[in-house]
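Worksheet: the structure to be examined is printed underneath.
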Amino acid sequence: MISFLISAFNEGKFIKGTVDTIYKSVDEVEFIDKFEIVIVNDGSSDFTEKSIQELQSKFKNITYCKNEKNLGMGYSIKKGLKLIKYSKFMLLPGGDDVQADAIISILKHFHSSDLVMAFPINTEDRTKFRNIISKLYSLIYIIFFDCCVNYINGPSIFPTEKVRNMKLRSDRNGIISEIITKLLHSDITYCEVPVFFGFRQKERSIITIKVLYDAIVSFIRLFIEMKVFDKNKFSIRSKRKNIY
C-alpha cells in the first residue's frame, strides 16, 4: 500500500498523463494491491482544477485539495501530508516528468528499506549546465550535512510517519532536500536505485533568481536547525541497505 503525493501548479496539460503513468507503473508491480493519489493544486491559473476533477470522476482513489493562491511546492506537500493514509508515500511532479520505467524501478524496492531513493544514470541526456548545477548542489549537501548519496533531490519513497513528525520549514523547492537530509540523520534504513530519468512532456524551466534564492534560504534554515539548535537530535546516521 502506498500513497502518491503530487503538487501541481499549472499542470492542466500534463496531470492526466501523470495519473496514467502512476496506474501503468502500479499495474507492473504486482505486490502493491492498494494505492491512492493525493493531488494538491498549488493555486493554478490554468485548467488544472478541471483536469483533476475529471480524473476524480474516473478514478475513485484520487484525493484533491487546492491552495487559493500559489504558495509553493513545499507548502503543498506539507498540506498533502495531512491527507495521505498509507505508511509510505512517493512524491511525484505533476508534469508527467518521471517515466513509468523509473517509477517501476523504485516501486520494486518498496520493501528494501524505509527510504528508497532514485538517482539518474543517463546524465548525458541533460545539458552540461544542469549537470554542473546538480553536482554542485549534491556536493554542498555532502560537505555540510555528510549526505553521501548520489542524488539528494529525486523521486523517492518516504516513510510517512517519520516525515509527518518532522518540523519541515521549506515552503518551496527545497522541501525534498530537507526531507531526505533529515531522514539520513535519523534511525532509518535507505537504499539507492539507479534509473533512467526522462522529461518527455515538457522542457524544464531555467534556473531563475527566485529558484536560486529559495534554495539558498532553505539551505540556511536547514543548516541552522541541524547544526546549531537541534544538533544532538540529528547526530544519528541512517543505515544503507545493499540492494544488489
Side-chain angles (χ1 to χ4, degrees), residues 1-29 32-104 106-107 110 116 118 153-158 160 163-164 168 170-176 178-179 195 197-205 208 210-211 214:
M1 297 183 290
I2 187 172
S3 302
F4 293 91
L5 178 53
I6 300 168
S7 172
F9 176 61
N10 289 341
E11 302 289 9
K13 294 180 180 179
F14 308 107
I15 193 66
K16 182 182 183 301
T18 303
V19 171
D20 288 342
T21 298
I22 291 173
Y23 268 86
K24 179 181 177 181
S25 302
V26 172
D27 285 343
E28 292 290 325
V29 185
I32 296 181
D33 55 346
K34 293 182 181 180
F35 70 99
E36 65 171 348
I37 302 173
V38 176
I39 306 174
V40 182
N41 178 2
D42 189 19
S44 299
S45 58
D46 67 350
F47 54 95
T48 295
E49 182 170 49
K50 181 180 178 181
S51 297
I52 297 171
Q53 289 171 341
E54 289 174 354
L55 289 167
Q56 275 190 300
S57 65
K58 181 179 179 181
F59 303 109
K60 302 305 179 185
N61 62 340
I62 293 179
T63 300
Y64 170 59
C65 67
K66 68 176 181 178
N67 303 326
E68 293 303 324
K69 61 180 181 179
N70 181 242
L71 296 172
M73 182 174 72
Y75 183 94
S76 299
I77 288 173
K78 287 185 283 186
K79 187 173 185 176
L81 272 170
K82 299 176 182 178
L83 302 175
I84 60 178
K85 62 184 180 182
Y86 294 129
S87 61
K88 289 189 176 183
F89 71 97
M90 186 174 185
L91 291 176
L92 288 173
D96 198 21
D97 290 330
V98 184
Q99 295 181 6
D101 288 345
I103 298 175
I104 291 168
I106 301 168
L107 290 177
F110 180 88
V116 183
N153 205 32
S156 305
I157 296 175
F158 301 97
T160 302
V163 177
R164 272 187 180 148
L168 296 173
S170 301
D171 281 336
R172 297 195 177 272
N173 293 356
I175 187 75
I176 298 176
E178 180 183 358
I179 292 173
V195 300
F197 279 11
F199 304 97
R200 302 167 300 172
Q201 299 296 326
K202 61 177 183 177
E203 294 185 0
R204 286 193 161 197
S205 59
T208 63
K210 180 174 176 54
V211 170
D214 289 336

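Index from 1, following the sequence. Any value given below was found using the heavy atoms of this structure, including those in side chains, with hydrogens, waters and symmetry copies removed.
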Could you state the interatomic distance from [atom1] ([X]) to [atom2] ([Y]), rounded to the nearest 0.5 Å?
X    : Y    : atom1 : atom2 : result
S51  : K13  : OG    : NZ    : 11.0 Å
I157 : L91  : CD1   : CG    : 10.5 Å
I32  : L107 : CD1   : CG    : 4.5 Å
I106 : D101 : CD1   : CG    : 11.0 Å
D214 : D171 : CG    : CG    : 9.0 Å

Query raised in the report: Which residue, Y23, Y86, F59, forms the ring pair (Phe, Tyr, Trp, His ring centres under 6.0 Å) with F35?
Result: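 For F35, the ring pair (Phe, Tyr, Trp, His ring centres under 6.0 Å) test succeeds with only one of Y23, Y86, F59, which is Y23.
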Requested in this report: State, with a plain yes or no, whether a side-chain heavy atom of F197 is found less than 4.5 Å away from one of V195.
Outcome: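 The answer is yes, as the side chains (C-beta and beyond) meet within the 4.5 Å cut-off.
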Query raised in the report: Do L92 and L5 have side chains that get closer than 4.5 Å, going by heavy atoms?
Result: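 Answer no - side chains too far apart.
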Report task. Taking T18 for its side chain and G94 for its backbone only, find out whether a donor-acceptor pair lies under 3.5 Å. Result ->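 Yes, because the side chain of T18 sits within donor-acceptor range (under 3.5 Å) of the backbone of G94.
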Query raised in the report: Is the backbone N or O of N61 less than 3.5 Å from a side-chain atom of T63, with the two atoms forming a donor-acceptor pair by type?
Result: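 No; judged by distance alone, with no hydrogens or angles, the pair does not exist.
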Looking at [X] and [Y], what are the two nearest heavy atoms and their distance?
X    : Y    : answer
E178 : L168 : OE2-CA, 3.3 Å
K66  : E49  : NZ-OE2, 3.0 Å
G74  : I175 : CA-CB, 3.7 Å
I62  : Q56  : O-NE2, 3.3 Å
P155 : M90  : CB-CE, 4.2 Å
E36  : K85  : OE2-N, 2.7 Å

Query raised in the report: Any ion pair linking K16 and D96 (charged N to carboxylate O, less than 4.0 Å)?
Result: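 So D96 does not pair with K16 through a salt bridge.
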Query raised in the report: Excluding sequence neighbours, so at least two apart, what forms side-chain contact (heavy atoms from CB on, under 4.5 Å) with S87?
Result: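 Per chain and number, S87 pairs via side-chain contact (heavy atoms from CB on, under 4.5 Å) with no residue.
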Can you give me every donor-acceptor pair (side chain of residues 39-47, partner residue at least two apart or in another chain, under 3.5 Å) with its distance?
residue: N41; atom: OD1; partner: S44; partner atom: N; Å: 3.1
residue: N41; atom: OD1; partner: S44; partner atom: OG; Å: 2.7
residue: N41; atom: ND2; partner: Y64; partner atom: OH; Å: 3.1
residue: D42; atom: OD1; partner: N67; partner atom: ND2; Å: 2.9
residue: D42; atom: OD1; partner: L71; partner atom: N; Å: 2.8
residue: D42; atom: OD1; partner: G72; partner atom: N; Å: 3.4
residue: D42; atom: OD1; partner: S76; partner atom: OG; Å: 3.4
residue: D42; atom: OD2; partner: N70; partner atom: ND2; Å: 2.8
residue: D42; atom: OD2; partner: G72; partner atom: N; Å: 2.9
residue: S44; atom: OG; partner: A8; partner atom: O; Å: 3.4
residue: S44; atom: OG; partner: N10; partner atom: N; Å: 2.7
residue: S45; atom: OG; partner: N10; partner atom: OD1; Å: 3.4
residue: D46; atom: OD1; partner: T48; partner atom: N; Å: 3.0
residue: D46; atom: OD1; partner: T48; partner atom: OG1; Å: 2.6
residue: D46; atom: OD2; partner: G12; partner atom: N; Å: 3.0
residue: D46; atom: OD2; partner: T48; partner atom: OG1; Å: 3.4

Query - Full working for side chain to side chain contact (heavy atoms under 4.5 Å, CB included) between F4 and V19 - result: CA-CA 10 Å; F4 293 91; V19 171; over 6 Å; no
Query raised in the report: Taking the six-membered ring of F110 as reference, does the NZ or CZ atom of K88 fall below 6.0 Å from its centre and within a 45° cone about the axis?
Result: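 Cation-pi check for K88 and F110: passes.
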Query raised in the report: Can you list the steps and then say if E54 with K50 is a side chain to side chain contact (heavy atoms under 4.5 Å, CB included)?
Result: CA-CA 6 Å; E54 289 174 354; K50 181 180 178 181; 3.4 Å; yes
Report task. Give the intermediate values and the outcome of side chain to side chain contact (heavy atoms under 4.5 Å, CB included) for residues I6 and I22. Result -> CA-CA 11 Å; I6 300 168; I22 291 173; 3.9 Å; yes
